[in-house]
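Read the structure below first, then the notes.
These numbers come from the heavy atoms of this one structure, side chains and all, not from hydrogens, waters or symmetry mates.
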Amino acid sequence: LKPSFTKALYRRAQARLLPVSSGAMEMELAEKDLKEAYRLDPNNVTIRKELRKLLEQKSKQKLADKTTYSGLFDKKSLDFDKHIEKVFIKI
């Protein structure tokens, strides 16, 4: 794959994003391909749209992850850890 082929970079990015179950690694690789394609052809509307869509999707996922994991280590879980320690000390 020649790095100067913007269409090939675009298609490879699409292929990486095609499975709904694409993980973070595939998204990163697709973003890299799209950014390179955009760098080579900044006037290509299709590449710009796909890159914008991918960046918005990543932003939404980051917000969802933040919401999901925000309470993971809150005060209640720390209190639970102290409770567990007390139980084990008594045993």
Across all chains, not counting sequence neighbours, the salt bridge (Lys or Arg N to Asp or Glu O under 4.0 Å) partners of R11 are none

Here the pair of heavy atoms bringing T6 nearest to L40 is CG2-CB, 3.5 Å

* Should D41 and N43 count as side-chain neighbours, where that means a heavy-atom distance under 4.5 Å? -> yes

Interatomic distance, OH@Y38 vs CD@E50, rounded to 0.5 Å, equals 15.0 Å

Hey, are K32 and E28 close enough for a salt bridge, meaning a charged N less than 4.0 Å from a carboxylate O?
no

So do the side chains of Y10 and D33 get within less than 4.5 Å of each other, counting heavy atoms only? no

The reported gap from CD in Q14 to CG in L54 (rounded to nearest 0.5 angstrom) is 11.5 Å

CG of L34 to CG of L55, rounded to nearest 0.5 Å, is 8.5 Å

task: Treating Ile, Leu, Val, Met, Phe, Trp and Tyr as nodes and any side-chain heavy-atom pair under 4.5 angstrom as an edge, say whether L9 and L29 lie in one connected cluster.
output: no

When every non-hydrogen atom of E26 is compared with those of R16, the smallest separation belongs to CB-O, 3.6 Å

Next item on the list: Could you tell me whether the side chain of Q57 reaches within less than 4.5 Å of the side chain of M27, counting heavy atoms only?
Entry: yes

| query | Charged N to carboxylate O under 4.0 angstrom, E56 versus K53? | reply | no

Tightest non-hydrogen contact, residues L17 and A30, listed as CG-CB, 3.7 Å

Heavy-atom nearest pair, I47 first then A37, reads CD1-CB, 3.7 Å

